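Sequence positions, counted from 1, serve as the residue numbers for this chain. Keep in mind it's a predicted model, so treat the numbers as computed, not measured. FYI, side chains are in, hydrogens and waters are out, and symmetry mates aren't considered; it's all heavy atoms of this structure. Read the numbers this way: they start at 1 and go in the same order the structure lists the ligands and their atoms.
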Amino acid sequence: MNQKNLRVLSGSSNRPLAEAICKQLGLEISRMTLRRFSDGEVRVKIEESMRGMDAFIIQSTSAPVNEHVMELLIILDALRRASVERCTVVMPYYGYARQDKKVKPREPITARLVADLLTLAGANRILALDLHADQIQGFFNIPVDHLYGSPLIGDYLRSREIRGDQVVVVSPDEGGVKRAQSLAQQLDSGLAIIHKRRPEPNRSEVVSVVGEVVGRTCILVDDIIDTGGSIVGAAEALRQRGAARILVVATHGVLSGPAVHRLDTSLSIEQIIITDTIQHPRAELTGKFQTLSVSGLLGEAIRRIHLGESVSELFDPYL
Ligand code: R5P
């Protein structure tokens, strides 16, 4: 690959993922100083020339969300002022994506606001993974390459012989049906859907389960596990309806507040499979968690974008 003008920078949200991506690309992360002034302002200094470069910044806007968003905007500004040729923001996890519509009057659409901020700061393109809703792509007026984690998760489950007609992929809500369908297709398995209502953010109640789950291995699939409330509630509902085994898979392990404890102590859940879009030191997680790496997928997407090759070939068969 012609790497002469390819540069990868990393914000502070997920340096291990950025390192793994760079290893795959055969590159070093570009040198940059990231500090804080004593009042907390972010101070960025890129330590090598970016003139005419095709730069990729890797930053998940995970917790502390606002710190990571601001850091990303400031890195973009520094790159733009350093005469970079093109700047792609690689967001393995897009924080604020859940605020993608007005559910009630006088609410913001923060996912759109973040998109505007990124564009204004100098992003020329976005590379994202499992956005909470596909239509967030349309919040940007710059190209968005949207990757899916389900092929990676599907390969892992197949490698463990979890497939076939005794397996049911379960969507914990109506919004996740497409994601569950794609995984069910990969596993040649059935599909079930949980109908839930959400009385307030971070709280949900199961109303009913549509589909056959009795005696089956259920794979509950979601894009995000935040406090774990939705998924533990969904697993409980499946167990009460006769599921034999319940595994949970999610691309983004936000895992805030009581999540790890909740999931670890749930008697209904056998295993939780997440990816490394959000960094959690191994010691924070228990043996019940399995983390798959998205570094190969993102590294290959970066290579293709840099060389002007098709990115959709990475996931087309799974749509
Ligand atoms: C919401 O629509 C998302 O897909 C997740 O289901 C939600 O963010 C999970 O949140 P929590 O883990 O706090 O229930």
*asked:* With a heavy-atom distance limit of 4.0 Å, tell me whether T227 approaches ligand 1 through its side chain, its backbone, both, or neither.
replied: both
*What do you reckon, does G175 put a non-hydrogen atom under 4.0 Å from ligand 1?*
no
*Looking at G229, which atoms of ligand 1 are within less than 4.0 Å of one of its heavy atoms?*
12 (O), 14 (O)
*With sequence neighbours excluded, what pairs up with E212 under the salt bridge (charged side-chain N to carboxylate O under 4.0 Å, His left out) test?*
none
_Non-neighbouring partners of H195 that pass ring-ring contact (aromatic ring centres under 6.0 Å, His included), sequence neighbours left out_ = none
_If the contact criterion is a heavy-atom separation under 4.0 Å, does I231 count as touching ligand 1?_
no
*Can you list the steps and then say if L152 with T275 is a side-chain contact (heavy atoms from CB on, under 4.5 Å)?*
CA-CA 9 Å; L152 183 73; T275 77; 4.3 Å; yes
*Would you kindly specify which portion of D223 sits under 4.0 Å from ligand 1, judged on non-hydrogen atoms: side chain, backbone, both or neither?*
side chain
_Heavy atoms from other residues, nucleotides or ligands near CE of M32 exceed 12 (cutoff 6.0 Å)_ = yes
*asked:* Out of the candidates V89, V84, L117, only one should pair with L76 under the side chain to side chain contact (heavy atoms under 4.5 Å, CB included) rule; please name it.
replied: V89
*asked:* Need the ligand 1 atom indices (1-based, order shown) with element for anything under 4.0 Å from a heavy-atom of H132.
replied: 1 (C), 2 (O), 3 (C), 4 (O)
*asked:* Less than 4.0 angstrom from a charged side-chain N to a carboxylate O is my criterion; do E174 and K196 meet it?
replied: no
*Nearest heavy atom to atom 14 (O) of ligand 1 wins, so pick from S230, A259, A250, S171.*
S230
